[in-house]
There are 2 protein chains.
Amino acid sequence: MLTIEVDFGSDRPVYRQIAEQFRGLVARGDLIDGEELPSVRQLAANVGVNLNTVAKAYRILADEGLVDLRHGSRARVLGGARARAPEVEELERELGDVISRLVLQGRGREEVQAFFETAVERFFER
Amino acid sequence: MLTIEVDFGSDRPVYRQIAEQFRGLVARGDLIDGEELPSVRQLAANVGVNLNTVAKAYRILADEGLVDLRHGSRARVLGGARARAPEVEELERELGDVISRLVLQGRGREEVQAFFETAVERFFER
DNA sequence: GTATACTGTCCGCATACAGTATACAATCGG
DNA sequence: CCGATTGTATACTGTATGCGGACAGTATAC
């Protein structure tokens with residue numbers, strides 16, 4: 001069974017948290033082309049939110065081209081090509097902020113590098 | 001003069017964008033202990049927002065221990081120690097999402113690593 | 001000392017967003 | 001065809017974002 005977890009204390013909206021987690025699952029190949037996502041009601045009950053909150057997450061994924069949404073049928077993972085080059089700048093900015101926070105925690109350049117390498121490690125090795 | 005730029009089209013609230021930029025300036029040492037920040041009105045007029053929006057950004061920085069806010073005096077940068085270890089998990093999650101997005105753009109492990117190294121480079125070498 | 005111009009703060013309002021409840025519409029399986 | 005299951009649309013509540021104006025502390029000139 002698919003484990004999606006939500007932190008209600010977070011300032012990040014629930015529907016984005018859900019979308020992020022599915023994005024991660026697709027990115028690392030845990031969900032492959034054609035695979036069905038849980039129904040919005042199923043997952044909503046599981047997570048403890050309203051079905052529309054899950055639906056909103058699915059729509060984000062659909063907009064990104066990660067899943068195929070069809071009214072009446074279950075959402076399916078799309079293995080096809082995606083891109084979104086314009087978001088590169090956004091990622092750079094986001095990374096910059098992460099670096100700032102790490103530095104303000106007292107970490108030096110080496111430690112920041114190590115932190116990043118560990119993150120990449122965790123993502124790919126599993 | 002200090003350059004703070006805001007993207008009104010972004011989905012990220014303006015006051016957070018402002019806080020992030022100051023956080024970056026402090027992290028890389030462009031703003032040092034004791035230095036004064038622009039007044040909320042000055043910066044607000046400069047950026048094109050209401051003074052309260054800037055004030056909210058300053059309060060975030062104050063909560064993080066980066067600036068000293070005193071009613072009637074200008075906000076000053078605090079060079080002292082900060083930490084916030086609990087936010088490490090948040091950073092890890094955020095990094096994980098960045099990796100997912102890069103991978104979904106078709107980048108492999110090496111390319112993700114390179115992207116990160118470039119970001120670190122940009123931060124420290126300047 | 002005190003008038004005055006500066007500083008950040010508080011309060012109320014308008015609008016947009018997050019999340020819910022409920023009804024609707026499309027698809028699937030008998 | 002019909003019921004169950006799926007995603008969708010609408011109406012509603014609470015919260016967050018951002019603005020405007022009034023308030024309160026601080027600094028400086030006199």
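Heavy-atom basis, side chains included; hydrogens, waters and symmetry copies ignored. A, B, ... follow the sequence lines: proteins, then strands. Residue 1 opens every chain.
What separates CD of B:Glu36 from P of C:dG8 is a distance of 9 Å, to the nearest Å. Nucleotide D:dT26 holds its P atom 13 Å from the CZ atom of B:Arg76, rounded to whole Å. Computed from coordinates, the A:Tyr58 OH to D:dT6 C1' distance equals 11 Å when rounded to whole Å. For B:Ile18 and D:dC19, the CD1 to C1' distance is 14 Å, given to the nearest whole Å. Taking atom CG of residue B:Leu37 and atom P of nucleotide C:dT7, one finds them 12 Å apart after rounding to whole Å. B:Arg12 has its CZ atom 17 Å from the C1' atom of C:dC17, to the nearest Å. What separates CG of B:Leu43 from C1' of D:dG18 is a distance of 15 Å, to the nearest Å. The distance between atom CG of A:Asp11 and atom P of C:dG19, rounded to the nearest whole Å, is 11 Å.
Between B:Ile32 and B:Val77, every side-chain heavy-atom pair lies at or beyond the 4.5 Å cut-off. In this structure the side chain of B:Val88 reaches within 4.5 angstrom of the side chain of A:Phe115, judged on heavy atoms. Side-chain contact check for A:Tyr15 versus A:Val49: every heavy-atom pair is 4.5 Å or farther apart. Contact check for B:Tyr58 versus B:Ser39: no side-chain heavy atoms found under the 4.5 Å cut-off. Between A:Ile18 and A:Leu43 the shortest side-chain heavy-atom distance falls below 4.5 Å. Between A:Val47 and A:Val54, every side-chain heavy-atom pair lies at or beyond the 4.5 Å cut-off. By the 4.5 Å heavy-atom criterion applied to side chains, A:Leu91 and A:Glu87 are counted as neighbours.
Classification of A:Arg101 and A:Asp97 as a salt-bridged pair holds, one side-chain N sitting under 4.0 Å from a carboxylate O. Look at A:Arg12 and A:Glu20 and you find a salt bridge, because one of the NZ, NE, NH1 or NH2 atoms lies within 4.0 Å of a carboxylate O, short of that distance. Note on A:Asp11 versus B:Arg16: salt bridge recorded, some NZ/NE/NH1/NH2 to OD/OE distance being below 4.0 Å.
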- Would you give a per-nucleotide map of nucleotides 11-16 of chain C, 5' to 3', where B means the base has a protein non-hydrogen atom under 4.0 Å away, S means only the sugar-phosphate does, and - means neither? ------
- Query: In dot-bracket notation, what is the pairing pattern of DNA chain D, taking Watson-Crick (N1-N3 plus N6-O4 or O6-N4) and G-U wobble (N1-O2 and O6-N3) contacts under 3.5 Å, with [ ] crossing and | for other strands?
  - Reply: ||||||||||||||||||||||||||||||
Close N/O contacts between protein and nucleotides 13-17 of chain D (under 3.5 Å):
from, atom 1, to, atom 2, distance (Å)
D:dT17, OP1, B:Tyr15, OH, 2.6
D:dT17, OP2, B:Tyr15, OH, 2.6

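Checked against side-chain contact (heavy atoms from CB on, under 4.5 Å), B:Asp33 has no partners two or more places apart in sequence or in another chain.
Both B:Ala55 and A:Phe8 lie near DNA chain C, and the one whose nearest nucleotide falls closer to the 5' end is B:Ala55.
When the nucleotides D:dA9, D:dG21, C:dT20 are ranked by their closest atom to the side chain of A:Val49, C:dT20 comes out on top.
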- Task: Take B:Ile4 and B:Leu25 through the side-chain contact (heavy atoms from CB on, under 4.5 Å) test and state the conclusion after the steps.
- Result: CA-CA 10 Å; B:Ile4 298 290; B:Leu25 290 170; 4.2 Å; yes
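Annotation: side-chain hydrogen bond (donor to acceptor under 3.5 Å, both in side chains) contacts involving residues 109-122 of chain A, sequence neighbours excluded, comprise A:Arg109-B:Glu121, A:Arg109-B:Glu125, A:Glu121-B:Arg109.
Of the residues in residues 66-74 of chain B, those placing a heavy atom less than 4.0 Å from an atom of DNA chain D are B:His71, B:Gly72, B:Ser73, in numerical order.
When all heavy atoms of A:Gln21 and A:Val6 are compared, the pair lying nearest together is NE2-N, 4.5 Å.
OP1 or OP2 of C:dT7 lies within a sub-4.0 Å distance of a side-chain N or O belonging to B:Ser39.
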